[in-house]
Amino acid sequence: MPEENMTTVGSIIGRHAAERPDETFLIGPETGSTISFADLKRNADEIGRYLDLMRIAPGSKAAFMLDNGIWSAQLFLGIMASGRIVVPLNVVAGTTHLEHVLGHSDSEVVFIAPRYRELLDELLERMNREIAVVTVDPVTGPAWPMRPGKTAATDPPSAGDSALLLYTSGSTGLPKGALLSQRAIVSGGRNVVTGHGLAETDRVLCVLPVYHINGAMVTVVAPLTSGGSVVMPDRFSARAFWSQVAEFRCTWSSVVPTIIKYLLDRSDEEEFEFGSDGRLSRFRFARSASAPLPAVVMQQWESTFRVPMIETLGLTETAGTVASNPMPPAPRKAGSVGISYGNDIRIVDDDGRERPDGTSGEMVVRGSNVLDGYYKNPEATAAGFFGDWFRTGDIAYRDADGYLFITGRIKELIIRGGENIAPREIDDVLYRHEAILEAAAVGVDDDSYGQEVVACVVVRDGHSCTEEELKAFCEQAVGRVKAPKRIYFMDDLPKGPSGKIFRLRLPALIP
């Protein structure tokens with residue numbers, strides 16, 4: 001089939017099922033279950049038929065509350081392939097978030113893991129309409145509420161049809177629903193394939209939840225696009241990570257900075273000789289996204305595990321990856337999210353005019369992977385674009401080699417006495433201190449300067465430090481004006497499902 005026709009999820013599944021039916025696509029490490037491309041096609045078709053029988057029309061919303069696993073991945077792909085719009089629900093986001101998403105999305109059916117049924121029942125009691133429920137066993141799959149039967153043929157979805165409604169985990173206010181087309185989903189997967197040179201021989205260890213854009217697009221859709229395969233445990237385990245890489249001969253994984261730090265913290269307990277252990281010889285790279293990766297953490301990863309860490313940038317609204325550091329031997333730059341892949345990227349001023357290289361502004365993105373808009377929110381959609389350029393809200397600059405550096409978020413910028421201070425600059429300094437596990441600087445109201453810089457930190461197990469020590473450490477690096485005036489020690493920092501720290505929630509947590 002010509003490449004230009006490969007613009008829907010179903011068409012890609014169909015191609016692999018026709019050309020490589022017996023090749024493995026999914027592996028469930030807990031059970032040893034495997035799903036071939038032929039199995040994937042058969043199960044996707046069955047999902048579509050049962051949704052027809054349930055009178056869930058094409059274009060309708062189908063939500064799920066599931067842990068990772070081979071059925072989660074198949075439902076995610078199968079719902080889109082059938083022409084319905086999948087709405088993944090973040091099961092750990094809290095009832096306020098879930099109630100809003102379930103109601104706002106107009107979902108007509110929810111696929112639910114047995115362990116979340118009580119939570120779903122609580123949510124359904126608050127809905128003012130009927131929503132069908134299908135229980136999903138992690139091994140045997142959906143328990144459909146009717147017998148199989150014949151249905152009338154329906155037209156397959158086209159590239160412009162909506163496929164995914166994913167709600168952003170904003171740091172303030174209710175989440176917005178990013179509506180992504182079939183074309184955007186396929187383009188997002190191809191951007192990962194192009195950026196990392198993925199092939200049919202690659203196998204990813206998926207440890208990020210499918211209800212997040214990183215897990216969904218990078219470690220499910222991208223391998224589907226390339227014809228590779230996915231090992232999908234039901235959840236991330238730092239203890240099992242390298243054993244799973246070895247057992248299933250994985251070639252890469254997508255992680256977030258929080259996971260990287262967990263793996264580094266227990267590296268001394270691993271049985272593997274990193275860099276020389278043949279059991280890990282196929283593992284060629286890991287990638288980091290969804291939250292800033294401090295340069296010192298990247299260096300620690302590569303010196304400990306002897307494998308490249310590729311820093312990237314992806315957004316919910318762009319179906320994942322828009323930029324990535326190139327693969328070795330091309331140069332990677334610590335602190336940079338890399339160069340654009342499959343997108344046009346500009347740095348612009350407040351009026352949308354392009355800024356020259358080396359100067360900061362807002363990063364905007366244009367490409368076939370960009371969302372159509374925010375569901376039932378025309379105001380947010382209008383505010384989110386300069387023409388056909390999507391406004392990311394990131395403050396960034398591009399160097400002379402085309403590498404992008406993000407210095408903060410527009411809403412998170414600290415303005416102290418008229419001086420603009422990027423919180424990430426403070427974060428990066430704190431992460432250099434050996435005692436610091438997590439750090440986030442933030443602006444708080446101040447009578448004298450308008451805002452004052454403070455920081456919240458989490459200390460590594462077995463380490464200690466004082467506030468005065470950290471303040472002096474920062475002053476030496478960035479000077480007294482930018483250095484935090486108070487540093488607060490916390491047990492944990494508020495984070496989203498990707499590990500991104502919700503900086504704007506910190507002031508309310510400061511004693």
Side-chain angles (χ1 to χ4, degrees), residues 29 196 202-208 214 218-219 231 233 235-313 324-338 424 427-440 457-465 473 492-493 495 498-501:
H196 301 320
D202 278 302
R203 173 170 290 172
V204 63
L205 177 60
C206 173
V207 295
L208 299 176
N214 194 332
V218 174
T219 49
V231 177
R235 59 178 50 84
F236 164 71
S237 167
R239 185 180 301 276
F241 182 89
W242 292 110
S243 296
Q244 289 169 340
V245 167
E247 180 180 357
F248 296 101
R249 304 179 73 229
C250 297
T251 63
W252 67 287
S253 186
S254 184
V255 291
V256 295
T258 301
I259 287 178
I260 293 171
K261 284 176 282 197
Y262 287 150
L263 294 172
L264 285 169
D265 279 350
R266 72 174 318 275
S267 59
D268 291 342
E269 303 173 37
E270 295 290 352
E271 63 176 90
F272 300 98
E273 291 291 333
F274 295 102
S276 61
D277 197 314
R279 293 172 293 177
L280 303 177
S281 61
R282 280 175 48 85
F283 196 75
R284 62 189 184 92
F285 75 98
R287 72 188 298 280
S288 177
S290 301
L293 179 65
V296 64
V297 177
M298 176 177 166
Q299 293 162 3
Q300 290 168 352
W301 168 278
E302 297 195 348
S303 63
T304 301
F305 299 124
R306 307 292 180 179
V307 65
M309 174 60 69
I310 311 298
E311 187 168 9
T312 67
L313 174 67
S324 174
N325 274 273
M327 296 294 292
R332 291 171 292 135
K333 295 192 179 185
S336 170
V337 295
R424 184 171 175 182
D427 300 350
D428 288 345
V429 173
L430 288 165
Y431 275 116
R432 294 175 206 156
H433 194 285
E434 63 177 6
I436 298 304
L437 176 65
E438 294 180 335
V457 299
V458 177
V459 176
R460 290 183 183 276
D461 289 342
H463 291 76
S464 63
C465 58
F473 188 76
D492 195 14
L493 301 183
K495 291 183 285 290
S498 67
K500 181 179 180 180
I501 295 170

Given Tyr431 and Glu438, is the side chain to side chain contact (heavy atoms under 4.5 Å, CB included) satisfied, shown in steps? CA-CA 7 Å; Tyr431 275 116; Glu438 294 180 335; 4.1 Å; yes

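- Among all heavy-atom pairs drawn from Phe241 and Ser253, the shortest one is CE1-OG, 3.7 Å.
- Counting only residues at least two apart or on different chains, the salt bridge (charged side-chain N to carboxylate O under 4.0 Å, His left out) pairs with a member in residues 278-303 are Asp202-Arg284, Glu271-Arg279, Asp277-Arg279, Glu302-Arg332.
- For the salt bridge (Lys or Arg N to Asp or Glu O under 4.0 Å) test, residues two or more places apart in sequence or in another chain that qualify with Arg460 are Asp265.
- With sequence neighbours excluded, the residues satisfying ring pair (Phe, Tyr, Trp, His ring centres under 6.0 Å) with Phe305 are Trp242, Phe274, Trp301.
- Rounded to the nearest 0.5 angstrom, Leu293 CG and Thr312 OG1 are separated by 9.5 Å.
- Taken from CD1 in Ile310 to CE in Met327, the straight-line distance is 5.0 Å, to the nearest 0.5 Å.
- Heavy atoms only, all atoms of each residue included: Pro257 and Ala289 are closest at CD-O, 3.8 Å.
- A distance of 10.5 Å separates CZ of Arg306 from CD of Glu273, quoted to the nearest 0.5 Å.
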His463 vs Leu437, side chain to side chain contact (heavy atoms under 4.5 Å, CB included): CA-CA, chis, key distance, verdict: CA-CA 10 Å; His463 291 76; Leu437 176 65; over 6 Å; no

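- Not counting sequence neighbours, Ser281 has no partner by the side-chain contact (heavy atoms from CB on, under 4.5 Å) test.
- For Ser336 against Asn325, the heavy-atom pair with the smallest separation is O-ND2, 2.7 Å.
- Separation of atoms CZ (Phe236) and CD1 (Ile259) is listed at 4.5 Å; rounding is to 0.5 Å.
- Between Ile436 and Ala439, the shortest heavy-atom contact is CG2-CB, 3.9 Å.
- Every residue was checked against the salt bridge (Lys or Arg N to Asp or Glu O under 4.0 Å) condition with Lys261, not counting sequence neighbours, and none meets it.
- Every residue was checked against the side-chain hydrogen bond (donor to acceptor under 3.5 Å, both in side chains) condition with Arg424, not counting sequence neighbours, and none meets it.
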Working for side chain to side chain contact (heavy atoms under 4.5 Å, CB included), residues Cys465 and Phe473: CA-CA 11 Å; Cys465 58; Phe473 188 76; over 6 Å; no

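- At distances below 3.5 Å, not a single donor-acceptor pair connects side-chain atoms of Gln244 with backbone N or O atoms of Pro29.
- Listed by first then second residue, pairs satisfying ring pair (Phe, Tyr, Trp, His ring centres under 6.0 Å) with a partner in residues 245-265 read Trp252-Phe285, not counting sequence neighbours.
- With rounding to the nearest 0.5 Å, the separation of OG1 in Thr251 from CG in Leu205 is 10.0 Å.
- Judged as a side-chain hydrogen bond (donor to acceptor under 3.5 Å, both in side chains), and not counting sequence neighbours, the contacts of Glu270 are Arg266.
- For the pair Asp428 and Pro294, the tightest heavy-atom approach, listed with the atom from each and the gap, is OD1-CA, 4.1 Å.
- Looking at Ser324, its side chain never comes within 3.5 Å of a backbone N or O of Pro326 through a donor-acceptor pair.
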For a side chain to side chain contact (heavy atoms under 4.5 Å, CB included) check, start with the C-alpha distance between Ile260 and Ser288, then their side-chain angles and the critical distance, and finish with the verdict. CA-CA 8 Å; Ile260 293 171; Ser288 177; 3.9 Å; yes

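- The two atoms that bring Ile501 and Ala440 nearest to each other are CG2-CB, 4.0 Å, heavy atoms only.
- Annotation: side-chain contact (heavy atoms from CB on, under 4.5 Å) contacts of Thr304 (sequence neighbours excluded): Leu264, Ser267.
- For the pair His433 and Val457, the minimum side-chain heavy-atom distance is 4.5 Å or more.
- With sequence neighbours excluded, the residues forming a salt bridge (Lys or Arg N to Asp or Glu O under 4.0 Å) with Asp492 are Lys495, listed by chain and number.
- At distances below 3.5 Å, not a single donor-acceptor pair connects side-chain atoms of Ser254 with backbone N or O atoms of Thr219.
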